[in-house]
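Atom set for the values below is all heavy atoms of this structure, side chains included, hydrogens, waters and symmetry mates excluded. Keep in mind it's a predicted model, so treat the numbers as computed, not measured. For ligands, and for the atoms within them, numbers begin at 1 and follow the listed sequence.
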Amino acid sequence: MVTVVDAYNFFKDFSSPETLVDREMTDIEDDFRTIVNLLTDQVEFANVIVLNKTDLVSKEDLGVLKSALKKLNPGATIVESSFCKVDPKVILNTGLFNFEKAEQSAGWIEELNKDKHTPETEEYGISAFVYRSKKPFDAERFWKYVSEKFPATVIRSKGLFWLSSRPDQALIWGQAGGSLRADSAGVWWCSMPFEQRTKYVSFIENQQLIESDWDKNFGDRKNEIVFIGQDMNEDIMRSELDACLIASKELDLDNWREGYQDSWPVARTQVLNGVDIKP
Ligand SMILES: Nc1nc2c(ncn2[C@@H]2O[C@H](COP(=O)(O)OP(=O)(O)OP(=O)(O)O)[C@@H](O)[C@H]2O)c(=O)[nH]1
């Protein structure tokens, strides 16, 4: 799959709050995707990225953009062009497309799968790190962080998280530019009895992997979010995220599994007789 990136407008579009509806780019009813969602999907899924209008940007801006694209999709071939003059061999009959591979090609997935975070040479300050913890985020503190203090240096962040207010629910964090979203990813395996888990093919197929990361208190619940950005201050971000976690003394040891009300605008998911239900 070939994606053409407009080098001149990329960062402007990336920070734009506009939706596809605003730009009359969709006929789908209730399509509330933002331009930045579409841009990110197309960049992360591509095998070949044609970086066009390079004549309109400085060498420095082009360098930043290329480094950012490489972090968003490390496996893609990036071809620079002006007026889309590219060698047809680079984009036609390349035989590169493979759906399973494309699904896994996003830089954030690659970052998650790395054994250890080995410091790399940062080009133009573009870097990535994974924030991991077993303890949940305190619902109010993490809400305040993402809605009021989320660093503008982060270009893309994505991963799983959980909130002290919703112990059964796995949540997905997804941010690209100015578009921040949290969605339900269903329930954690540990929120149902073992017999119930074994009725799911996805559990049986991945049982070893799931159990290898099992915590004695929290089971498979975890926060695991990849951050990709420019000039991010990793140490400060890590300590700000740590400060959003529930403190051990705040965890009511008898009652933490019950949860409580919070202001996150995501429908709750609970487990009922082995079926995920959305009340
Ligand atoms: N300088 C320069 N101008 C270009 C280049 N490619 C396209 N343009 C011009 O940019 C203008 C808009 O063209 P595009 O951005 O390709 O058009 P588009 O993507 O169909 O239009 P939008 O959906 O509005 O972005 C036209 O006047 C093109 O001639 C390029 O590489 N360099």
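Those atoms of ligand 1 that come under 4.0 Å of a heavy atom in S82, given as number and element, are 31 (O). The distance from ligand 1 to the heavy atoms of D55 drops below 4.0 Å at these ligand atoms: 1 (N), 2 (C), 30 (C), 31 (O), 32 (N). The N52 neighbourhood of ligand 1 comprises atoms 5 (C), 6 (N), 31 (O), with distances under 4.0 Å to a heavy atom of that residue. Of all atoms in ligand 1, numbered sequentially from 1 with element shown, those under 4.0 Å from a heavy atom of L56 are 1 (N), 2 (C).
In this structure, atom 14 (P) of ligand 1 has protein heavy atoms in its sub-4.0 angstrom surroundings. Closer than 4.0 Å to atom 6 (N) of ligand 1 lies at least one heavy atom of the protein. For atom 23 (O) of ligand 1, the nearest protein heavy atom is 4.0 Å or more away. For atom 19 (O) of ligand 1, the nearest protein heavy atom lies 4.0 Å or farther away. By the definition of a contact as any protein heavy atom under 4.0 Å away, atom 32 (N) of ligand 1 is in contact. For atom 10 (O) of ligand 1, a protein heavy-atom neighbour is present inside the 4.0 Å cut-off. Protein heavy atoms are found inside the 4.0 Å sphere centred on atom 3 (N) of ligand 1.
No salt bridge links D220 with K134; every basic N to acidic carboxylate O contact stays at or beyond 4.0 Å. Using a 4.0 Å cut-off between charged side-chain N and carboxylate O, E195 and K199 make no salt bridge.
Using bins of under 30°, 30° to 60° and over 60° for the plane-to-plane angle, the ring pair F97/F45 lands in the tilted bin. A tilted orientation is assigned to the rings of F137 and F161, their planes being inclined by 30° to 60°. W264 and F142 have parallel rings, their planes meeting at less than 30° on a 0 to 90° scale where 60° marks the start of perpendicular.
Within 6.0 Å of CG on D183 lie more than 12 heavy atoms contributed by other residues, nucleotides or ligands. Other residues, nucleotides and ligands place more than 12 heavy atoms under 6.0 Å from the CG atom of L92.
For T153 and Q230, the side-chain atoms include no donor-acceptor pair closer than 3.5 Å.
Protein heavy atom in closest approach to atom 25 (O) of ligand 1: D6 OD2, 4.9 Å. Protein heavy atom closest to atom 28 (C) of ligand 1, with residue, atom name and distance, is F83 CE2, 4.6 Å.
When the heavy-atom distances from atom 12 (C) of ligand 1 to M25, E80, K53, R23 are ranked, the shortest goes to K53.
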Please report, to 0.1 Å, the donor-acceptor pairs under 3.5 Å made by any side chain of residues 60-69, with sequence neighbours excluded.
from	atom 1	to	atom 2	distance (Å)
K66	NZ	E80	OE2	2.6
S67	OG	G63	O	3.0

